[in-house]
Amino acid sequence: MGITENADLVGRLLDVMEHDILPLTDKGVAQGNKVFGAALLRKSDLTLVMAETNNETENPLWHGEVHLLKCFYDSPISKQETTRDMIFLSTHEPCTMCMSAIAWAGFDNFFYFFSHQDSRDSFSIPHDLKMLKEVFGLEPGGYNHDNAFWRGRGIFDIIAGLPDDQAQPLLDQANRIRARYAALSESYQQGKDANAIPLA
């Protein structure tokens, strides 16, 4: 089943970020975790299957995306839903581990809000880009966004292709979401020295 990249899709992804992922991330950051989160939606009607957030204070592998997959497969709903029939939403462009996990789980897509460069520059978390460079020899954005496993798309790239009358309300909502993440990032940075995350 294909995914139509239009204003309705973007609006729904932003709604899930704002109303489903962010409340979980508020709690996660208060416990010392990073600001990354993720969600699964049904391709058929864009309804939410599950949302989660980073839980690295429990396990450094529980990035937002991987923690979501752990919780999904721990739940009975994983017996009722097929990954090929779902959209994978990541608040931040997935790191190399999370991209691989998305592929191993059988998803054929992911959409992200913040880029790797945002993670480095706006959130002071440079590990994604450093991992790409040091381990894989890739420059920022140098991985294949379209490959045999999945198609990865930035939400702002879709918005850029929309007519102005459709794009502006989405940009207004996106700016509101950005402001909330900026506040959460500041909270995380102020408290990260107290957590035991190896790559804080």
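Since this is a predicted model, take the numbers as computed values, not measurements.
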- prompt: Taking side chain as C-beta onward, heavy atoms only, is Leu14 less than 4.5 Å from Phe113?
  reply: yes
message: Between Arg176 and Asp172, is the side chain to side chain contact (heavy atoms under 4.5 Å, CB included) condition met? List the steps.
response: CA-CA 6 Å; Arg176 188 166 68 239; Asp172 292 342; 5.5 Å; no
message: Between Tyr73 and Ile102, is there shared hydrophobic-cluster membership here, with clusters defined by ILVMFWY side-chain heavy atoms closer than 4.5 Å?
response: yes
- prompt: With sequence neighbours excluded, what pairs up with Phe111 under the ring pair (Phe, Tyr, Trp, His ring centres under 6.0 Å) test?
  reply: none
query: Is there a side-chain contact between Arg180 and Ile177 (heavy atoms, below 4.5 Å)?
result: no
task: Using the six-membered ring wherever Trp is involved, compare the ring planes of Tyr143 and His116 and label them parallel, tilted or perpendicular (cut-offs 30° and 60°).
output: tilted
- prompt: Taking 4.0 angstrom as the limit, do Lys70 and Asp74 come out as a salt bridge?
  reply: yes
- prompt: Side chains of Thr91 and Val35: does their closest heavy-atom pair fall under 4.5 Å?
  reply: no
query: Are Trp104 and Val135 in one and the same hydrophobic cluster, where Ile, Leu, Val, Met, Phe, Trp and Tyr link if side-chain heavy atoms are under 4.5 Å apart?
result: no
task: Any ring-ring contact (aromatic ring centres under 6.0 Å, His included) involving residues 20-60? Give me the pairs, sequence neighbours left out, ordered by first then second residue.
output: Phe36-His92
- request: State whether the number of non-hydrogen atoms from other residues, nucleotides or ligands found under 6.0 Å of Glu186 atom CD is greater than 12.
  value: no
field: Pairs satisfying salt bridge (charged side-chain N to carboxylate O under 4.0 Å, His left out), at least one member in residues 136-156, at least two apart
entry: Glu5-Arg151, Lys133-Glu139, Asp146-Arg151, Asp146-Arg153
query: How many angstroms lie between atom OG of Ser124 and atom OH of Tyr188, to the nearest 0.5 angstrom?
result: 10.0 Å
message: Please determine whether the number of non-hydrogen atoms from other residues, nucleotides or ligands lying under 6.0 Å from atom CG of Asp164 exceeds 12.
response: no
query: Taking the side chain as C-beta and beyond, is there a heavy-atom pair between Met17 and Leu89 under 4.5 Å?
result: yes
task: Supply the atom-to-atom distance Glu65 CD to His67 NE2, rounded to the nearest 0.5 angstrom.
output: 12.0 Å
message: Filter on salt bridge (charged side-chain N to carboxylate O under 4.0 Å, His left out), then keep only pairs touching residues 86-100, sequence neighbours left out; what's left?
response: none
query: Say you draw a straight line from CG of Asn54 to CG of Asn33; how long is it, rounded to the nearest 0.5 Å?
result: 5.0 Å
message: Would you say that Leu41 contacts Leu13 through its side chain, given a criterion of any heavy-atom pair below 4.5 Å between the two side chains?
response: yes
message: I'd like to check Ile21 versus Val16 (side-chain heavy atoms, cut-off strictly below 4.5 Å). Are they in contact?
response: yes
- line: Grouping ILVMFWY residues whenever side-chain heavy atoms fall under 4.5 Å, the cluster of Leu24 otherwise contains none
message: To check you understand the geometry: which heavy-atom pair defines the closest contact between Leu69 and Ala105, and what is its length?
response: CD2-CB, 4.1 Å
- prompt: Shortest non-hydrogen contact from Ser119 to Asp128?
  reply: OG-OD2, 4.0 Å
message: Please give the remaining members of the hydrophobic cluster of Leu61, linking ILVMFWY side chains under 4.5 Å, ordered by chain and number.
response: Trp62, Val66, Met97
query: Between Trp150 and Phe107, is a side chain to side chain contact (heavy atoms under 4.5 Å, CB included) present by the stated rule, with each step listed?
result: CA-CA 7 Å; Trp150 39 249; Phe107 291 89; 5.9 Å; no
- request: Indicate yes or no for a side-chain donor-acceptor contact from Ser185 to the backbone of Tyr181 under 3.5 Å, with no hydrogens or angles considered.
  value: no
message: With heavy-atom distances below 4.5 Å as the criterion, would you say the side chains of Val29 and Lys34 are in contact?
response: no
message: Tell me if a side-chain donor or acceptor on Asp15 pairs with a main-chain N or O of Asp20 at a distance below 3.5 Å.
response: no
- line: In this structure, CZ of Arg120 is separated from CG of Asp118 (nearest 0.5 Å) by 9.5 Å
message: Assigning hydrophobic clusters by single linkage (Ile, Leu, Val, Met, Phe, Trp, Tyr; side-chain heavy-atom cutoff under 4.5 Å), is Leu40 placed with Ile77?
response: yes
message: Can you confirm whether more than 12 heavy atoms, excluding those of Met131, are under 6.0 Å from its CE atom?
response: no
CA sep, side-chain torsions, deciding dist, call: Leu22, Leu184, side chain to side chain contact (heavy atoms under 4.5 Å, CB included): CA-CA 9 Å; Leu22 267 167; Leu184 285 170; 3.5 Å; yes
task: Measure across Pro140 and Gln117 and return the closest heavy-atom pair with its distance rounded to 0.1 Å.
output: CB-NE2, 3.4 Å
- request: Could you tell me whether Arg12 and Asp45 have a side-chain N and a carboxylate O separated by less than 4.0 Å?
  value: no
query: Given the rule in the side chain to side chain contact (heavy atoms under 4.5 Å, CB included) test, do Cys95 and His63 qualify, once you have shown the distances and angles that lead to the verdict?
result: CA-CA 9 Å; Cys95 73; His63 291 196; 3.4 Å; yes
message: Using 0.5 Å steps for rounding, measure from the CD atom of Glu134 to the NE2 atom of His127.
response: 13.0 Å
query: Taking side chain as C-beta onward, heavy atoms only, is Leu171 less than 4.5 Å from Ile159?
result: yes
message: Keeping Ser75 on the side-chain end and Cys71 on the backbone end, is there a donor-acceptor pair under 3.5 Å?
response: no
query: Does a sphere of radius 6.0 Å around CZ in Phe156 hold more than 12 heavy atoms from other residues, nucleotides or ligands, not counting ones at 6.0 Å or beyond?
result: yes
message: Please evaluate residues Gln31 and Thr57 with respect to the criterion side chain to side chain donor-acceptor pair (under 3.5 Å), reporting the C-alpha separation (whole Å), side-chain torsions for both, the decisive distance (0.1 Å), and the verdict.
response: CA-CA 8 Å; Gln31 296 166 359; Thr57 55; 5.3 Å; no
task: Please work out whether the ring planes of Tyr112 and His145 are parallel, tilted or perpendicular, with thresholds of 30° and 60°.
output: tilted
query: What distance separates Ile87 CD1 from Leu9 CG, expressed to the nearest 0.5 Å?
result: 5.0 Å
message: Do Asn6 and Gln166 pair up side chain to side chain, a donor and an acceptor below 3.5 Å, judged on atom types alone?
response: no
